[in-house]
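In what follows, a structure is listed as structure tokens, so that the remarks can point back to it.
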Amino acid sequence: MLKLLKGLNCYAPKQIGMNDILICGKRIERIRPEIGLKESEYVQVYDCRGMLAFPGMIDQHVHILGGGGERGLPSRIAEIGADDILNAGVTTLVGLLGADSCTRNLESLYAKAKALEAEGLTTYIYSGAYSVPPVTLTGSVVRDLAFIDKVIGVGEVAVSDHRSSHAGLEQMIQLAAETHIGGLVGGKAGVLHLHIGDGKRGLLPVLQMLENSDLPKEEFVPTHLNRNRELFQQAVEYCKAGGRVDLTSGETEGLAVPDAVSRLAAAGAGLSRVTVSSDSNGSIPSGGIGKISTLWDDIIRCITEKQIDPETAFSLVTQNVAELLRLFPRKGTLREGSDADIVITGRDYKLTKLFCSGQLMKEF
Ligand code: ZN
């Protein structure tokens, strides 16, 4: 059955104007101003006039098994459900382990990623966790990246945090090098996703790794960079110097994402290197649990409160993430041949429909 979505104002995330979108199986078959197919036993037509279409969001930092457990074993946070993810407009995610790689492990992370995939989402995982040396599935991060399809990087490895392993520079560079080699061997992004804590060294461990190795800057994805003002100031300079910056949505202690994005833009940092992720189902240092819905809320607030144009705001959670994870152009864009991961909203940016790999998963 073909699906024809009529009359959408399309953001790919670049604005490409009014189009019809034809879905065949899992993919976008055609995007044209007028596709003249009629409703039939082979074609289902959806009238989407007056609505907007965006690529499904990609969240590169989700504690799908639940994080936390930092106030003893009863404080472990629950797993995420597929419904929470879909309701947030997320169609692709990367699951990861955090501080707790003791009561949780990569085997169950992989199993959970498979379970979410069976519910229609596209899922990946990172090898490793906060700790160094990293936990792995096969005995090495190179082998994990080479042989496990779902593994596309390593993380979240903690630095500048009392919960980190306080590994030495040589050990960190070795881990980054293995991640890089694993990426090359496995044909993956091979990113090192780094949790930066509130510790006094901030981004310094990342700068030192770059200074003392020949590793490419693109491999390093430091996250939570809006968690406090000092760290954010370092992040602005780092971004201007060509580094990637991942912000965490739902931030209330440091800088909220809309503030952080508009400051990065004002400072002349390249927003194409900036991404946003949710840290969903992880524990928040001040208490509480990260929610995946904050990702959508913060992107919309960038548009409505900070006058950031929709294509720039949505790039932070679609194309920029897909490029970083080397999923582009299969993911993170609306174009012919891409996966049909499509978010449809009203003019008020309220979700109305969500397609994952060509399947209508939600009508709101
Ligand atoms: Zn973290």
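Counting starts at 1 for both ligands and their atoms, in listed order.
Residues I31 and D20 have side chains not in contact (no heavy-atom distance under 4.5 Å, counting atoms from C-beta outward).
Checking D279 against the Zn ion (ligand 1), every N/O/S atom stays at or beyond the 2.8 Å cut-off. For the Zn ion (ligand 1), the N/O/S atoms of H224 include one lying under 2.8 Å.
For the 3.5 Å distance criterion, the side chains of S357 and D339 fail to qualify, holding no donor opposite an acceptor. Residues Q319 and E323 have side chains that bring a donor and an acceptor to within less than 3.5 angstrom of each other.
Rounded to 10 degrees, the OE1-metal-ND1 angle spanning E156 and H195 at the Zn ion (ligand 1) equals 90°.
Within 6.0 Å of NZ on K26 lie no more than 12 heavy atoms contributed by other residues, nucleotides or ligands.
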